[in-house]
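Report on one structure; see the data block that follows.
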Amino acid sequence: MAGEPQPDCLFCKIVAGEIPATVVRKTERVLAFRDIAPKAPLHVLVIPHVHYPNAAELAAAEPEIAGELLAEAGAVARDEGVEDYRLIFNTGAGAGQTIFHAHVHVLGGKPMTESMV
Ligand code: 5GP
Ligand code: ZN
């Protein structure tokens, strides 16, 4: 069934507590934890408990959870006292996605004025 845990998925294992993570926020549907290889002073990943391969597929199937993901991303930055931050959804290997469980990167705490778009 869509959204079911996948046995070979690292982030499903983090949701299940089988792999440790430094959790900063947790709701019934969303988990936020620090990236193991931070690219900025603030680098947190916000993921749904349910498994979808990317954020757009999550939003198409479960829009309320996708909305909560964004709200939690903002709450992470607020909790850390970071006003200016970047949200990144890598989608597809060619765009740098390495873990195929929907997630948003929350990056901040340093100037990030260079734009890719
Ligand atoms: P992606 O490249 O798929 O957009 O992002 C995956 C992110 O997961 C990377 O930034 C990587 O550093 C992070 N990551 C990979 N393995 C682990 C892990 O075991 N624990 C944590 N906390 N982050 C991880
Ligand atoms: Zn998963």
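Atoms within each ligand, like the ligands themselves, are counted from 1 in listed order. Every heavy atom of this structure was used, including side-chain atoms; hydrogens, water molecules and symmetry mates were not.
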Measure the distance from [atom] to every protein heavy atom, then report the residue, atom name and distance (to 0.1 Å) of the closest one.
atom: atom 23 (N) of ligand 1; result: Ile36 N, 3.3 Å
atom: atom 15 (C) of ligand 1; result: Ile99 CD1, 3.8 Å
atom: atom 9 (C) of ligand 1; result: Asp35 OD2, 3.3 Å
atom: atom 22 (N) of ligand 1; result: Arg34 O, 2.9 Å

Just checking, any donor-acceptor pair under 3.5 angstrom between side chains of Thr27 and Glu68?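 Glu68 and Thr27 do have a side-chain donor-acceptor pair below 3.5 Å.
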For Glu80, is there an ion pair with Arg34 - N to carboxylate O distance below 4.0 angstrom?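 A salt bridge links Arg34 with Glu80.
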Any heavy atom of Ile88 under 4.0 Å from ligand 1? The part involved is neither
Checking contacts here: is it the side chain or the backbone of Phe33 that comes within 4.0 Å of ligand 1, counting heavy atoms only? Could be both or neither.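 Phe33 to ligand 1: side-chain contact only, backbone stays beyond 4.0 Å.
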[X]: numbered ligand 1 atoms lying under 4.0 Å from its heavy atoms:
X: His103; result: 1 (P), 3 (O), 4 (O), 5 (O), 6 (C)
X: Ala37; result: 12 (O)
X: Phe11; result: 8 (O)

If you compare all heavy atoms of Pro38 against all heavy atoms of His43, which two are closest, and at what distance to 0.1 Å?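 Minimum heavy-atom contact is CA-ND1, 3.4 Å.
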List the atom of Val44, the atom of Ala32, and the distance in Å for their closest heavy-atom pair. CG1-CB, 3.9 Å
Minimum non-hydrogen distance to atom 3 (O) of ligand 1, winning option of Asn90, Thr98, Asn54: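 Residue with the shortest heavy-atom distance to the ligand atom: Thr98.
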Out of Leu10, Ile47, Val104, whose heavy atom is nearest to atom 16 (N) of ligand 1?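 Looking at heavy atoms only, Leu10 sits closest to atom 16 (N) of ligand 1.
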Provide the tally of protein N/O/S atoms nearer than 2.8 Å to the Zn ion (ligand 2). 4
Parallel, tilted or perpendicular for His101 and Phe11, by the 30°/60° rule? perpendicular
So do [Y] and [X] actually touch side chain to side chain, heavy atoms under 4.5 Å?
X: Val46; Y: Leu87; result: no
X: Val15; Y: Val50; result: no
X: Tyr52; Y: Asn54; result: no
X: Leu58; Y: Leu69; result: yes

Can Gly96 be said to touch ligand 1, with heavy atoms closer than 4.0 Å? yes
Is the backbone N or O of Gly92 less than 3.5 Å from a side-chain atom of Gln97, with the two atoms forming a donor-acceptor pair by type? yes
Contacts of type salt bridge (charged side-chain N to carboxylate O under 4.0 Å, His left out), residue Glu64, not counting sequence neighbours: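 Salt bridge (charged side-chain N to carboxylate O under 4.0 Å, His left out) check on Glu64 returns Arg29.
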Can you check whether His43 has an N/O within less than 3.5 Å of an N/O in ligand 1? no
What's the spacing between His105 NE2 and Arg86 CZ if we round to 0.5 Å?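 Output value for this atom pair is 12.5 Å.
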